[in-house]
Amino acid sequence: MSPAIGDNRRTAHYAARLTSSNFMIQNAKWLWLWMWLGISLGPVSVSPAATNELTFQPVFFELNSSRLSASTLDALKRVAELMKANPDAILELDGSAGQEGENIDAVALSRQRAEAVRDHLLKLGIGAQRLKVEAKGAAALFDSTHPSDRANRRVEFLFVLEKQSSSSTAALEEVEVVYWNTLYHCLYLIGVEQGYFEQEGFKIKLVATNHSYSDQVKHACGLEPFLKEGASVFSGAVCGGSPHEAIAKGVPLVVIGGMLAGGSMLIAKPDLALKLRQDPKNFRGITIGRPRGTVLTSMIVSYFLSKQGIDPKKEVKWKIFNSHEEIVEAIAKGSIDAGDTYAPLHLTAQKKYGLAVVYNTVELFPYHPCCRVITTRPKLEAHREKYVRFMKAVIKSHEFFVKHPAKAIETVAKYTGYPQKEVHDSLTNPNFQLNPDPLKNGFVKFWHMMNETGFIHSNQDVTKYIDTSVYEEALKLLKKEKPTNPYFSYMEKQFREQNL
């Protein structure tokens, strides 16, 4: 294997032990062998045939049109199936338009697009009371540089999940949490299903946003609304690189925990994938696709190449796409050579097109931080005790995944709509490292790498934007509740290694 960016091999070893299928608590007398032996995959309520691609990605329209394309109709079948599997969910349909000609009413056109999507979902059996239409006009462009671009002609989906509480709701504080409805933020889903947030005094309102578009800081991970407008938003999980971009732009966020380390991949056709792994010089002259607004894989690959004597800006071509799905199709058609993807889309790419993983990002940067749990500094200072309780619930969710993987995987499949086999294969992969730890050391290193590769330009002290004490206190309280539980002892040891 080519040299990795990270030099902490012991850290990578701990990461694999903790979250891969051969997890073992140090000094414990048991192994979670059932993860190696294979989990019994019981039925779930969502048909794999209807959900083998990412749900809740936006759907797009032709210029000055609200007509639903064939691909949109297929996508709406998947959305309807997932809504039926989660009867407590509400779906907001946000229509948008670009600059689509003179005398075109952008607000009216964006509403027509959202209403066209709503009307089709009604035909598919989704109740009108569960569908909310919003018309944003041209006020929320994904691509303000090219305002007529197809990326602006869209309907987005906001999936709001409010699980009915098993206890008195009067005793619980309702809080809104922004997340990406996929495997990457699944600790929230596990915590809601198992009642861990209720145990800590919260009724969680999960609001799923989109991912692969434009400026994640402003839209896809919910930073802009929850920092500037959404006083009701308590917290959110944001994807790799997004908090760093926000910090570079002066957003006063603070990282208090995590969801995941690793998890992203560079893929290509098998012959090229082999050549790229054998010799990084083979990256020269190829075209790599990256999704609009997502920097994690492209940044790590760029840094890796720069350390191999290759200029990633001059010797590699980068092409921007609206989504990871478009990247996969472009590789299959041969219009680009390689591209960024995520789990479990890489499994679809392998089965449907025969593509192969070139690198998992943790191979190049062991135990790098991916999705981070954030809030704002003023909110944290005003409600610190609440955030400690919130992180307790997230940690307990991870413990449940470690100890009861079969049940956790069934929950994640239910709420995300992915086939259960794909959820199993992704979450038990050593390169997909669920973990609630803040990972301060990796977060700071990521910041310096982004500056060095030109993805951001900032001389701020990034350590001021991460507060590890919230997670540390939550972990200590949990260990005090269960002093003989080896899981918490292991997590404390890992915390010392990754943050101090």
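Values reported hereafter were calculated over all heavy atoms of this structure, with side chains retained and with hydrogens, waters and symmetry mates removed.
A salt bridge between Asp425 and Lys421 is present, with a side-chain N of the basic residue lying under 4.0 Å from a carboxylate O of the acidic one. Salt bridge present: Lys307 and Glu452 bring a charged side-chain N and a carboxylate O closer than 4.0 Å. Between Glu399 and Lys403 there is a salt bridge, since at least one side-chain N of the basic residue sits less than 4.0 Å from a carboxylate O of the acidic one. Using a cutoff of 4.0 Å between basic side-chain nitrogens and carboxylate oxygens, Glu326 and Lys333 are not scored as salt-bridged.
Here the closest heavy-atom approach between residue Thr182 and residue Ala343 is recorded as OG1-O, 4.1 Å. Heavy-atom minimum distance, Val59 versus Ala75: CG1-CB, 4.1 Å.
Listed by chain and residue number, Glu100 satisfy the salt bridge (Lys or Arg N to Asp or Glu O under 4.0 Å) test with Arg113 (two or more places apart in sequence, or in another chain).
Atom NZ of Lys275 has 12 or fewer neighbouring heavy atoms from other residues, nucleotides or ligands inside a 6.0 Å radius. Heavy atoms of other residues, nucleotides or ligands lying less than 6.0 angstrom from CG of Asp271 number 12 at most.
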| request: Show the numbers, then the answer: is there a ring-ring contact (aromatic ring centres under 6.0 Å, His included) between Phe443 and His368? | output: CA-CA 7 Å; Phe443 188 86; His368 70 74; over 10 Å; no
| request: Evaluate the criterion side-chain contact (heavy atoms from CB on, under 4.5 Å) for residue pair Tyr465 and Trp447; output intermediate values, then yes/no. | output: CA-CA 11 Å; Tyr465 295 86; Trp447 171 264; over 6 Å; no
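For the pair Lys407 and Phe400, the cation does not sit on the ring face, since its NZ or CZ is not both under 6.0 Å from the ring centre and inside 45° of the axis.
Atom CD of Gln194 and atom CG of Leu189 lie 11.5 Å apart (nearest 0.5 Å).
Looking at heavy atoms from C-beta onward, Leu500 lies in side-chain contact with Phe495 at the 4.5 angstrom threshold. Considering only heavy atoms from C-beta on, Lys445 stays 4.5 Å or farther from Pro369 through its side chain.
The ring-ring contact (aromatic ring centres under 6.0 Å, His included) test with Trp180 is passed by exactly one of Tyr188, Tyr342, Tyr415: Tyr342.
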